[in-house]
Amino acid sequence: MSAYPAHVAFNFDDYDRGRAFYAAVFDWTFDDWGPPGSLFSKVNLDHSSGRTMIAAVQQRRQLLEVPTNGPEVTFAVDDVDEVVRRVEANGGRILLPTATIPSVGDLVFFADPFDNIVGAMQFVDPPEGV
């Protein structure tokens, strides 16, 4: 199974303040993205190095019983169903069952045995490797 970091999100209780912080610290600019009315922005990153990653800032939300504290990393994977099987077989637990994001891919969130939240996405069109 191949897996590499493809997406990182920063979660904020105060979306506008969080977005302003990263704009000031890293000179990031943003495009509003996601469902209408959502507080979610895609970060415009410089990919001139040939490395590809998607970054986002978003309103903090609760994935079932576990809050999204700290950066949230999603890995690009070949087979999201296999990831689910492996998580459950190795002591992790599924927090958000596999959901399809139209034209993007299939996404699942899980907690490892130490309650770290991790996402796995089987992209329709995978980003290039990092």
Side-chain angles (χ1 to χ4, degrees):
M1 159 117 6
S2 112
Y4 58 88
H7 184 272
V8 62
F10 296 87
N11 298 282
F12 311 122
D13 294 319
D14 183 334
Y15 172 79
D16 292 328
R17 184 171 167 225
R19 185 171 147 155
F21 174 84
Y22 281 96
V25 170
F26 293 135
D27 294 327
W28 282 353
T29 60
F30 307 91
D31 290 324
D32 291 335
W33 202 56
S38 67
L39 296 177
F40 182 93
S41 294
K42 188 173 176 182
V43 179
N44 297 310
L45 298 176
D46 175 8
H47 295 296
S48 61
S49 68
R51 295 184 174 161
T52 302
M53 179 177 274
I54 300 167
V57 295
Q58 61 195 24
Q59 181 71 35
R60 185 179 320 280
R61 66 219 190 283
Q62 188 116 351
L63 292 174
L64 300 182
E65 76 279 2
V66 181
T68 51
N69 292 320
E72 170 189 310
V73 178
T74 299
F75 288 84
V77 299
D78 301 325
D79 185 344
V80 76
D81 295 327
E82 180 64 16
V83 169
V84 169
R85 284 190 287 281
R86 291 180 183 192
V87 165
E88 292 173 333
N90 290 284
R93 65 188 196 288
I94 302 303
L95 300 174
L96 181 70
T98 305
T100 299
I101 301 172
S103 76
V104 178
D106 294 328
L107 173 68
V108 65
F109 279 104
F110 61 90
D112 69 16
F114 308 98
D115 283 335
N116 294 301
I117 297 174
V118 179
M121 171 76 84
Q122 184 176 338
F123 285 91
V124 171
D125 293 313
E128 304 224 356
V130 176

Name all residues meeting the side-chain contact (heavy atoms from CB on, under 4.5 Å) criterion together with Val87; count only those two or more places apart in sequence or in a different chain, and write none if there are none.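 Val87: side-chain contact (heavy atoms from CB on, under 4.5 Å) contacts with Val83, Ile94, Phe110.
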Partners meeting side-chain contact (heavy atoms from CB on, under 4.5 Å) with Asp16 (sequence neighbours left out):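 For Asp16, the residues satisfying side-chain contact (heavy atoms from CB on, under 4.5 Å) (neighbours in sequence not counted) are Asp14.
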Looking only at non-hydrogen atoms, find the nearest pair between Asp79 and Gln122 and report the distance.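 The pair with the smallest heavy-atom distance is CA-OE1, 3.4 Å.
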Please find the pair of heavy atoms, one from Leu96 and one from Val108, that lie closest to each other, and give the distance. O-CG2, 3.2 Å
Rounded at 0.5 Å granularity, tell me how far CG in Asp78 sits from CZ in Phe123. 12.0 Å
To the nearest 0.5 angstrom, please state how far the CZ atom of Arg86 sits from the CG atom of Asp81. 12.0 Å
Who passes side-chain hydrogen bond (donor to acceptor under 3.5 Å, both in side chains) against Arg85, sequence neighbours left out?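 Here the qualifying residues are Glu82.
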Would you mind listing every side chain to side chain donor-acceptor pair (under 3.5 Å) that reaches into residues 99-111, with sequence neighbours excluded? Thr100-Asp106
